[in-house]
Structures are given as structure tokens and as C-alpha cells.
2 protein chains.
Amino acid sequence: MPRIGMEPQRRDALVRATISEIAVSGAADITVARIARRAGMSPALAHHYFGSKDNMLLAAMRHVLFVFAAEVRGALVMADTPRERLTAIVRACFAPSNFRDEVVAAWLNFYVQAQREGQTRRLLHIYHARLRSNLMYALRPLSDDPERLAEGIGAMIDGLYVRQALRRDNLTSAASTDLVLDYIEKALTR
Amino acid sequence: MPRIGMEPQRRDALVRATISEIAVSGAADITVARIARRAGMSPALAHHYFGSKDNMLLAAMRHVLFVFAAEVRGALVMADTPRERLTAIVRACFAPSNFRDEVVAAWLNFYVQAQREGQTRRLLHIYHARLRSNLMYALRPLSDDPERLAEGIGAMIDGLYVRQALRRDNLTSAASTDLVLDYIEKALTR
DNA sequence: TTCTTAATTGAGCCGTCAATCAATAACAAC
DNA sequence: GTTGTTATTGATTGACGGCTCAATTAAGAA
């Protein structure tokens with residue numbers, strides 16, 4: 001019994017279901033049928049709204065990136081000094097909404113997909129550039145080689161994500177945050 | 001025209017081809033047919049020697065891990081002091097045989113596969129444990145929180161691998177090495 | 001009421017891919 | 001030269017997954 005105005009709900013449910021499904025099945029074994037079932041609809045309807053499986057994956061990625069960006073932006077408004085800005089960025093990276101198991105697993109799979117899929121690659125480059133730019137802005141007054149340090153921080157964050165995706169005995173998000181903040185602290189005091 | 005004693009060559013060729021194919025096609029789009037074609041034989045022969053596609057992927061991973069372990073071991077024999085040991089390990093991680101684009105791409109895909117495939121996961125845990133143990137042994141005389149620092153170093157290395165897999169403008173292996181060594185240096189001088 | 005439009009799905013087409021099998025060819029051993 | 005073993009492949013099978021389509025239902029517009 002079709003009610004009207006379902007498109008937003010359906011799209012939203014599919015995006016959520018895609019992320020969950022990536023986490024439990026892995027990107028390799030994902031199927032439109034499974035995503036649709038989890039979202040409570042037929043595969044045909046999923047295709048109706050998204051056109052293709054690739055579009056579903058891209059929409060899921062955009063959602064993850066959007067939430068991430070919002071978290072960072074939100075954390076930055078309350079930060080005044082460069083040091084506070086750094087802390088805010090790192091905290092945002094490991095905030096619960098971003099560092100949830102589901103989302104972390106999704107990230108890992110986006111990285112893989114970016115190796116061959118142009119659009120995914122482009123989105124990931126935008127994320128990289130934005131994080132780098134945020135870090136640089138905060139680091140410039142504090143470090144004599146901000147570029148280098150930003151690269152190191154970014155790499156460590158990425159690495160902690162990857163490791164989180166594989167762990168059974170989870171490192172808490174707080175421990176990850178502290179590890180990166182320690183690194184920054186040590187790297188700044190010369 | 002079949003010659004005898006082909007098994008070792010065929011297995012080797014298939015392992016190499018699997019790694020190359022992961023790099024160019026991505027783990028999602030990999031097929032036995034493509035691997036076999038690249039290795040210069042029919043898909044049926046690939047199945048004859050390995051039994052299944054999963055076995056091929058596992059064999060490729062074991063090969064990568066074996067080369068990695070050999071590189072680390074080789075670098076460590078010439079190291080006497082703890083500091084030299086640290087440098088040797090990091091150098092080995094980014095040595096050409098391990099940090100080649102092909103191999104880096106393979107690593108990323110192993111991580112993804114480890115999310116759901118038990119054997120892959122186990123192999124990856126062994127690698128993690130070994131790297132961690134090597135680092136700890138060198139760090140214990142130098143740091144008052146070697147555990148923490150080993151985790152940080154491991155994460156940064158993993159992160160640099162992931163980033164390498166996506167880059168067009170490649171960071172040289174030397175730059176990656178320096179970044180990690182810098183981190184260690186800063187983290188040790190308290 | 002009638003028409004249009006959105007929502008929704010079951011059935012099915014088409015392609016692909018892992019895995020199997022039967023058949024062939026070369027070699028070795030006796 | 002007969003027998004057995006290894007190497008090798010083309011053809012085939014069986015399953016599965018992305019995607020399409022025609023058909024159905026209901027809501028709103030005219």
C-alpha cells in the first residue's frame with residue numbers, strides 16, 4: 001500500500017542499511033538484495049531510487065563523509081587557540097559517531113573502492129585535503145614543518161582506523177585520541 | 001605440450017599474478033580467469049593446483065608476509081643497539097620489496113578480507129604480533145611506555161601504507177621512513 | 001469520477017564466474 | 001609398447017547477482 005512522499009525515508013533507510021551491510025558482510029560480498037532486505041523493501045525498489053549498486057555505495061560514502069565533516073565543524077566552533085583547534089580535530093576523528101565499528105568498517109571499504117572507482121577516489125581526496133587544511137591552519141603557528149606533521153597525524157589517524165576495523169579487543173576511542181595527541185605534543189616541543 | 005615438474009613454476013607464477021591482479025583490478029573484481037590469463041595458463045589449471053580461488057588469495061598473502069618477514073629479519077641481523085634495531089625495522093617496512101605499489105595494494109585488500117575470512121584474519125594477527133614484539137624488544141630499554149609507543153608506530157606505518165595505496169603523487173619510501181623515525185625520535189627524548 | 005503520478009514488487013533476462021569433467025598429450029617406468 | 005602419471009585445456013554446469021519490466025495499488029488533481 002504505497003503512501004506518497006516516501007523517497008526521503010527510503011533513501012535514508014537504504015544508506016543506513018548499506019553501511020550496516022558493509023560492516024557485516026564486507027564490501028566483497030555485498031548484494032543489492034541484502035541491502036534492500038535490511039532496509040525492509042524489495043531489491044527493485046532500491047534500484048528504483050538509486051539506479052545502481054554503485055550509486056548506493058557512493059551515497060553511503062557521502063553520508064559518512066558528511067557526518068564526519070559536521071562533527072569536525074562542530075568541534076571547531078568552540079576552539080579559539082591553535083592548540084584547542086588541534087585537540088578538537090583529533091577528538092572529532094574519534095568521536096562516537098565516526099569511530100563506531102560500522103562506520104570504521106565502511107571507511108576501510110571506501111579506501112579499497114577508491115583504488116579503482118574514480119568518484120570514490122575523488123571524494124576521498126576531498127576529505128584528505130580538508131583534514132590536511134584544517135590541521136595545517138592550526139599547526140602553522142606551532143610547528144616549523146607543519147606540512148610534514150600534518151602528514152604524520154593524518155597517517156596515524158588512518159592507521160588507527162584500519163586497526164580498529166580488525167580488532168576484537170577494541171582500543172577505546174579515548175586511547176586512540178590520546179595516542180595522537182601525545183604524538184602532537186611530542187612533535188611540537190622541540 | 002606438457003613438460004613434467006611444472007608445479008613449482010606454475011604455483012609461483014599464479015601467486016605473482018594474483019598480487020598483480022589485486023593491484024590493477026582491486027580485490028572486488030578479481031577473477032580466477034584473469035589471474036590465470038596473466039600467469040599464462042587456463043583457469044582450469046589454476047584450479048588444478050590451488051583447488052579454489054580463496055586458496056590462491058591466501059597463498060598470495062602468505063607470500064607477501066613471507067617476503068616481509070625475511071626483509072625484517074635480514075635488516076635486524078646487522079643491528080646491535082636498540083636504536084639500530086628500531087631503525088632497521090622501520091627501514092624494512094618501507095624497503096622497495098615491501099613498499100612497491102603492487103604489494104601495498106595487496107596489503108590493503110588483505111585487510112578487507114580479514115574482516116570476514118578467518119584464515120586471513122589469523123595471518124594478519126600473526127604479522128601484527130610479530131611486528132609488535134620486534135618493536136617492544138627494541139623499545140623497552142628506551143621508553144617508559146613501550147607498549148603505547150609500539151601501538152603508535154604500528155598505526156603510523158599502517159596509515160602510511162593505506163595512503164600510499166591511494167596516492168598518484170607518490171610519497172617516496174624515504175619520506176615515509178623519515179616520518180616514522182622522526183616520530184620515534186621525538187617520542188623517545190622526554 | 002477519471003486521469004495522472006508515485007510507490008511497490010514478482011518474475012525473469014542476461015551476464016559472469018567458480019568449479020568440474022572428460023579428453024588429449026607428453027613423459028616415465030617396466 | 002603397454003601402463004600409469006602428470007600437465008593441460010575446452011566445454012559445461014550450476015549458482016548467483018545486477019538490473020529491467022510489466023503489472024498492481026493507492027494517493028492526489030482535474
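Chain letters run A, B, ... following the sequence lines, proteins first, then strands; residues in each count from 1.
Between A:E185 and A:R83 there is a salt bridge, with a side-chain nitrogen of the basic residue lying less than 4.0 Å from a carboxylate oxygen of the acidic one. Classification of A:R163 and B:E151 as a salt-bridged pair holds, one side-chain N sitting under 4.0 Å from a carboxylate O.
In this structure, A:L14 places its CG atom 13 Å from P of C:dA7, rounding to the nearest Å. Note: CD1 (A:I4) to P (C:dA7) measures 8 Å, nearest angstrom. Computed from coordinates, the A:R11 CZ to C:dT8 P distance equals 13 Å when rounded to whole Å. When the P atom of C:dC17 is taken as reference, atom NE2 of B:H47 falls 12 Å away, rounded to whole Å. Atoms CE (B:M41) and P (D:dG10) sit 13 Å apart, rounded to a whole Å. Atom NE2 in B:H48 sits about 18 Å away from atom P in C:dA25, given to the nearest Å. For the pair B:R37 CZ and D:dT9 C1', the interatomic distance rounds to 15 Å; values are reported in whole Å. The interatomic distance linking A:I35 (CD1) with D:dC16 (C1') rounds to 16 Å, in whole Å.
Between D:dT8 and B:R10, a contact under 4.0 Å exists linking OP1 or OP2 to a side-chain N or O. Phosphate contact (OP1/OP2 of C:dA6, side-chain N/O of A:Y49, threshold under 4.0 Å): absent.
Of the two residues contacting DNA chain D, namely B:G5 and B:A44, the nearest-nucleotide position lying further toward the 5' end is that of B:G5.
Closest approach to the A:L45 side chain among C:dT8, C:dA18, D:dC19 is made by C:dT8 (side chain taken as heavy atoms from C-beta onward). Out of C:dT8, C:dA19, D:dG18, the shortest distance to the side chain of A:M6 is found at C:dT8.
By the 6.0 Å and 45° rule, A:R11 stacks over the aromatic ring of A:F50.
Across all strands shown, B:T31 has heavy atoms under 4.0 Å from sugar-phosphate atoms exclusively, and none from any base.
Relative orientation of the A:H128 and A:H125 rings is perpendicular, given thresholds of 30° and 60° on the angle between their planes.
Side chains of A:N55 and A:Y49: no donor on one and acceptor on the other come within 3.5 Å.
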